[in-house]
Amino acid sequence: RTKGFQRGSYTLFTREMGVEIRERSLLMQHLHKAFDAERLYLMYQPQIELSTRKVVGFEALLRWRTDEGKMISPTEFIPLAEHSGLIISLGAWVLRTSCFTMRQLLDDGYQLDRMGVNVSAIQFRQADFMQLVSNALRDSGLEPHYLELEITESVTMNGAADFEETLDKLKSIGVQIAIDDFGTGFSSLSYLDKLPVDRLKIDRAFVNQIDHQGGPRIAELITQLGKKLGLKVIAEGIETQAHYEALQAMHCDEGQGFLIARPMLESAIASWMTEWK
Ligand code: C2E
Ligand code: MG
Ligand code: MG
Ligand code: MG
């Protein structure tokens, strides 16, 4: 926040901040209550192989509907949950629930490769994170390779030594790792080359750019980088046929987005799968 340093705007800045802090703490209280009252739930968005249109997996995405029926975006409440520490128990719940859902989908006979679960930097840095993951896998009966943890570049940057240790341990039990929103952070390429990562996720900002001036350049660069590093590449935010075709033309492996399907409740997966086939 550099706004407060602008000359003449200082008073305005502090007053705005006061309101913002009050609103935030109110929202935080609501969030804690919502978790207790089970107003938080997961939706699942399909991921497909672009060349064959085969469904390869799902990404679990958290949702919050307030008592008044208002939807609050995870981009708004995840930072709050991180700030208050709620992300620890919330994240643990997300992990467990996603593993159980995936186990159920496999038991129902769907041939899928993975369930993607978003993990925040704070969660990842917890000393017992590894234990949390193995417990979720053990309790749900899900084989580790079916779980893919999505971490952002910020996780890779400030974790240093113990971050690599956790990553190595996860890899050693077979859990898959994806770098989410790739290209929006600042990971060093030499570092990335050393990390035991399976997949790069092209941020939807770059998929969206396909329609604009400069076109698919960044998406294509990321795809080529991924190939060079021997990683799979998945694009998020595919909204149009033009996005799909452009990504396919650059040999991006997989994708997800509204063109294919919006995130859905677990109960809606079966009929969507039938329809998709
Ligand atoms: P993300 O992991 O990059 O997830 C992709 C976001 O793009 C999701 O937003 C998804 O609904 C949205 N999306 C997918 N396809 C399209 C499309 O075609 N067009 C558009 N416009 N959007 C699309 P969502 O669900 O609002 O989540 C936002 C972010 O919140 C996620 O970004 C992730 O960073 C975070 N998040 C969500 N659930 C969790 C969670 O359980 N734990 C943590 N730590 N973070 C979460
Ligand atoms: Mg994600
Ligand atoms: Mg993403
Ligand atoms: Mg994203």
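Counting convention: from 1, in listed order, for ligands and their atoms alike. Just so you know, these numbers use all the heavy atoms, side chains as well, and skip hydrogens, waters and symmetry mates.
For Glu164 and Lys194, the salt-bridge test fails: no basic side-chain N is under 4.0 Å from an acidic carboxylate O. Look at Lys232 and Asp113 and you find no salt bridge, because none of the NZ, NE, NH1 or NH2 atoms lies under 4.0 Å from a carboxylate O. A salt bridge links Asp198 with Lys171; the closest basic N to acidic carboxylate O contact falls under 4.0 Å.
Both the backbone and the side chain of Leu62 come within 4.0 Å of ligand 1, judged by heavy-atom distances. With a heavy-atom cut-off of 4.0 Å, Arg204 touches ligand 1 through its side chain alone. The proximity of Met43 to ligand 1, defined as any non-hydrogen pair under 4.0 Å, does not occur for either the backbone or the side chain. Residue-level proximity to ligand 1 for Asp181 is carried by the side chain, the only part with a heavy atom below 4.0 angstrom. Residue contacts with ligand 1, taken as heavy atom pairs separated by less than 4.0 Å, involve Val94 solely via side-chain atoms from C-beta onward. Contacts with ligand 1 closer than 4.0 Å are made by backbone heavy atoms (N, CA, C, O) of Ile238 only, the side chain lying farther away.
Between Phe163 and Phe124, the ring planes lie tilted relative to each other; the angle falls in the 30° to 60° range.
Comparing Thr152, Leu61, Thr97 by heavy-atom distance to atom 8 (C) of ligand 1, the nearest is Leu61. Looking at Pro74, Ser120, Gly255, it is Pro74 that brings a heavy atom closest to atom 27 (O) of ligand 1. The nearest non-hydrogen atom to atom 11 (O) of ligand 1, considering only His243, Arg63, Glu82, Glu59, comes from Arg63.
Residues Gln45 and Gln256 have side chains that bring a donor and an acceptor to within less than 3.5 angstrom of each other. A side-chain donor-acceptor contact under 3.5 Å links Arg114 and Gln47. A side-chain donor-acceptor contact under 3.5 Å links Thr52 and Glu49.
Heavy-atom proximity to Glu236, at under 4.0 Å, picks out these atoms of ligand 1: 3 (O), 5 (C). Every atom of ligand 1 with a heavy atom of Pro263 under 4.0 Å away is listed here by number and element: 11 (O). Within ligand 1, the atoms closer than 4.0 Å to a non-hydrogen atom of Gln45 are 14 (C), 15 (N), numbered from 1 in the order shown. Atoms of ligand 1 lying under 4.0 Å from any heavy atom of Gly257, numbered from 1 in the order shown and given with element: 15 (N), 18 (O).
Residues Phe58 and Val94 share a single hydrophobic cluster, defined by chaining ILVMFWY side chains whose heavy atoms lie under 4.5 Å apart. Taking hydrophobic clusters as Ile, Leu, Val, Met, Phe, Trp and Tyr residues chained together by side-chain heavy-atom distances below 4.5 Å, Val56 does not share a cluster with Tyr110.
Of the polar atoms of Gln256, none of the N or O atoms is found under 3.5 Å from an N or O of ligand 1, judged by distance alone.
Expressed to the nearest 10°, the angle at the Mg ion (ligand 2) joining OE1 in Glu150 with OD1 in Asn118 is 90°.
For Asp253 (side chain) and Val233 (main-chain N/O), a donor-acceptor pair under 3.5 Å exists by modelled atom type.
At a cut-off of 2.8 Å, Glu236 does not coordinate the Mg ion (ligand 2) through any N, O or S atom.
Counting just the N/O/S atoms of Glu59, the one with the shortest distance to the Mg ion (ligand 2) is named OE2. Atom OD2 is the N, O or S atom of Asp180 at the shortest distance from the Mg ion (ligand 2).
No more than 12 heavy atoms of other residues, nucleotides or ligands shown are found within 6.0 angstrom of CZ on Arg262.
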